[in-house]
Amino acid sequence: MAVTLGTPLSKVLGPKTATGMAEQLGLHTVLDLLRHYPRRYARRGEQADLADVQVGDRVTVLAQVKSVTTRPMRNRRGSLTEVVVGDGSGRMKLVFFNHRHAHLKPNAWGMFAGTVGEYRGEKQFAHPDMHLITGSADEDDWARALVPIYPASKDVSSWVIQKSVTLLLGAGGGFGDLVRDPLPEEIRARHGLLPLAAALLDIHRPTTMEDVERAEERLKWDEALVLQLTLAARRRAAALEPGTARSRRSGGLLDAVDAALPFALTEGQREVGEELAAELDRDQPMHRLLQGEVGSGKTVVALRAMAQVVDAGGQAALLAPTEVLAAQHARGIRDLLGPLGRAGELDGDPDGTRVTLLTGSLKAAARRQALAEVADGSAGIVIGTHALLQEGVEFADLGLVVVDEQHRFGVEQRDALRAKGHRPPHVLVMTATPIPRTVAMTVYGDLEISTLRQLPSGRGGVSSSVVPAVEKPGWVDRAWARLREEVLAGRQAYVVCPRIGDVAGPDDQPEDADGAPDDEGRGDRRPPLAVLDVAEFLRSGPLSDLRLDVLHGRMTPEEKDAAMSAFAAGTTQVLVATTVVEVGVDVPNATVMVVMDADRFGVSQLHQLRGRVARGKHPGLCLLVTDAPTASPTGQRLAAVAATSDGFELARLDLETRREGDVLGAAQSGKRSGIRLLSLLEDEELIATARGEATALLATDRGLADHPGLAAEVAALATDERADYLEKA
Ligand code: ADP
Ligand code: MG
């Protein structure tokens with residue numbers, strides 16, 4: 001039988017190994033196995049691995065036997081063998097019951113795999129799997145300087161994978177018989193890349209670390225190129241979709257909005273506005289990401305685009321991640337439009353339109369009315385949450401979809417809303433989480449990007465400080481005193497906590513405190529501070545003379561809306577809240593934010609949170625209260641947040657402290673995106689270059705017709721994606 005990349009592993013490997021690989025490692029075909037790269041390479045005698053292993057790790061170590069002692073067990077029949085192995089950096093004990101291996105003798109080298117345990121303060125392996133150097137058949141592998149250590153599983157150890165890979169080597173001792181290089185020769189030459197077969201050989205059986213590096217470079221290229229080809233194809237397909245031009249018309253809603261704005265647009269807002277206006281004017285649907293620092297005024301840019309679409313006879317939908325935010329947008333836009341936003345009502349302007357709010361919490365009658373307005377087109381501007389995506393929401397003529405705070409929505413949700421247009425509508429995605437360039441090129445690679453860098457002038461800016469509650473308890477009192485001063489001077493304040501409180505138990509998980517890496521690994525921390533407890537403490541203590549209210553996810557939508565309205569109106573002076581205030585909440589008079597247990601929040605999240613203050617002319621203050629020691633990694637991370645207000649820099653820091661998959665989002669991580677070696681952070685150059693090549697490859701009408709190998713890789717990625725999607729559905 002001729003083995004090909006598509007051959008099932010069950011045809012080439014033993015049944016136990018093949019089953020283990022399929023079930024435990026997700027490897028089904030020869031290609032899967034070749035793409036299962038070593039995690040690292042052990043170097044005999046000079047590695048530093050034993051010193052690094054942690055209790056609980058499942059690891060494979062390459063080490064030399066130092067001593068072997070066997071003695072009878074005290075309370076049971078049988079014997080206990082203790083073997084000490086070392087690798088130059090550290091030692092570890094292996095324990096076997098009633099077991100004796102003929103070759104397990106001092107000075108023998110072997111690989112030992114198992115879960116690291118601890119006994120009397122010493123690291124040990126109980127009954128590890130092992131593979132000893134016997135000096136016979138495996139000699140070739142063992143004579144190598146570098147031993148690949150693969151991600152392994154319970155039944156499939158690293159050396160089984162190594163042997164399985166070796167089994168696939170062809171007559172020439174390489175993968176040349178098996179692998180055809182999909183990369184066009186000229187691209188390979190231009191970037192000095194290894195042929196694929198050579199790269200695969202080098203990554204699995206390197207002689208030097210330089211081999212590994214060159215192999216990785218080539219394999220990363222494939223990952224980047226296929227991903228960028230997929231995205232470029234998507235961009236191209238989108239550009240060919242027939243859309244509807246929504247041309248600018250004077251004397252309509254847009255002019256009214258401009259006349260009603262209480263401020264002059266910033267230069268950036270004007271420029272991006274022109275860009276959007278021109279794109280809406282084309283009959284290809286726009287696909288644009290608008291990223292802008294927190295408080296840079298994205299909403300008004302979106303509103304102006306929506307007004308243009310309404311003027312052209314279409315409808316615009318604004319999708320917000322929370323009910324609070326949807327309600328706030330509806331309130332703000334209605335206020336701004338005045339009678340022009342109440343067409344059809346008694347005091348409405350018949351030349352205007354309706355601003356309709358559609359959220360999950362609408363009562364049946366209100367919902368029916370909202371649906372009717374959306375369906376008959378009288379609602380020119382429709383604002384809502386996920387409820388907009390549901391079946392039964394039919395638009396008369398959806399011309400523009402605006403997605404606010406994109407990081408809360410996935411591509412599928414964006415697509416669901418897009419599908420509600422008769423022809424693909426224009427799409428504007430807005431995010432306040434600045435995205436490093438590579439992530440933008442990858443996650444949002446199917447979108448064009450506009451950036452608002454400038455904040456409206458006259459902003460006071462936010463200064464931030466860390467309040468180390470354990471090291472400097474007095475500073476916490478001082479924080480409350482500062483907050484009081486501000487409020488007594490007429491300003492308002494937020495106090496943010498990671499948890500709601502009141503009921504204990506699994507219902508009261510930290511509310512969306514995502515992304516904060518627990519880098520101290522302290523499992524014994526006290527529970528996070530809770531809104532209800534902190535509110536109670538402040539009411540009866542340091543802020544007893546202020547008007548204080550709470551806002552959190554367990555309140556009904558009406559309660560939340562009432563709490564937000566009272567805060568917006570200034571009736572409430574201090575709002576103690578969970579991260580429901582994280583995104584988009586806009587109360588310009590709020591100038592202080594105290595974040596309790598700030599270490600429980602991620603970097604970008606803290607940046608978002610503090611973007612809630614100093615949105616008006618007064619300077620803002622953000623105090624990050626934490627128990628973490630100043631010198632700890634967590635303390636350092638908070639200090640970095642306090643020290644910079646550059647969202648791009650913080651996004652980078654965030655990327656460093658999180659795993660790549662989290663950043664890409666579940667939908668884009670791992671196998672699905674084909675990313676194994678590529679690092680969004682470190683391979684920026686490579687990704688940018690691959691993006692250029694991908695665009696060039698697709699620039700002609702022939703697409704990938706001249707590159708069937710690449711076309712197949714792109715198709716394979718698409719199939720994986722589809723398969724995953726179906727599984728999820
Ligand atoms: P974000 O980009 O974070 O969504 P918003 O759109 O909520 O920011 O705007 C933040 C605040 O700045 C709002 O109160 C808004 O009215 C105000 N704003 C927007 N543009 C300007 C401007 N050009 N000049 C002054 N204030 C502005
Ligand atoms: Mg916003």
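Remember, predicted model here, so these are calculated numbers, not experimental data. Because only heavy atoms are used, hydrogens play no part in the values below, and waters and symmetry mates are left out as well, while side chains stay in. One-based numbering, in listed order, for ligands and for the atoms of each.
Proximity to A264 (heavy-atom distance under 4.0 Å) selects the following atoms of ligand 1: 22 (C), 23 (N), 24 (N). Ligand-side atoms of ligand 1 in range of T299: 4 (O), 5 (P), 6 (O), 7 (O), range being under 4.0 angstrom from any heavy atom. Interface atoms of ligand 1 facing T266, defined by a heavy-atom separation under 4.0 Å, are 23 (N).
Of all the listed residues (L325, D586, V587, L265), D586 holds the heavy atom that lies closest to atom 15 (C) of ligand 1.
Between the CG atom of L276 and the CD atom of Q269 there is a distance of 11.5 Å, given to the nearest 0.5 Å.
Minimum interatomic distance between P498 and M596 (heavy atoms only, all atoms of both residues): CD-O, 3.5 Å.
Contact check on E559 versus R554 returns no salt bridge, with no Lys/Arg side-chain nitrogen under 4.0 Å from an Asp/Glu carboxylate oxygen. Using a cut-off of 4.0 Å between Lys/Arg side-chain N and Asp/Glu carboxylate O, E485 and R482 are scored as salt-bridged. Note on D599 versus R637: no salt bridge recorded, every NZ/NE/NH1/NH2 to OD/OE distance being 4.0 Å or above.
Residues passing the ring-ring contact (aromatic ring centres under 6.0 Å, His included) test with F395, sequence neighbours excluded: none.
Residue-to-ligand polar distances place G297 within reach of ligand 1: an N/O pair is separated by less than 3.5 Å.
Taking 4.0 Å as the cut-off, G292 does not count as a neighbour of ligand 1 on heavy-atom distance.
Only side-chain heavy atoms of Q269 come within less than 4.0 Å of ligand 1; its backbone N, CA, C and O stay farther off.
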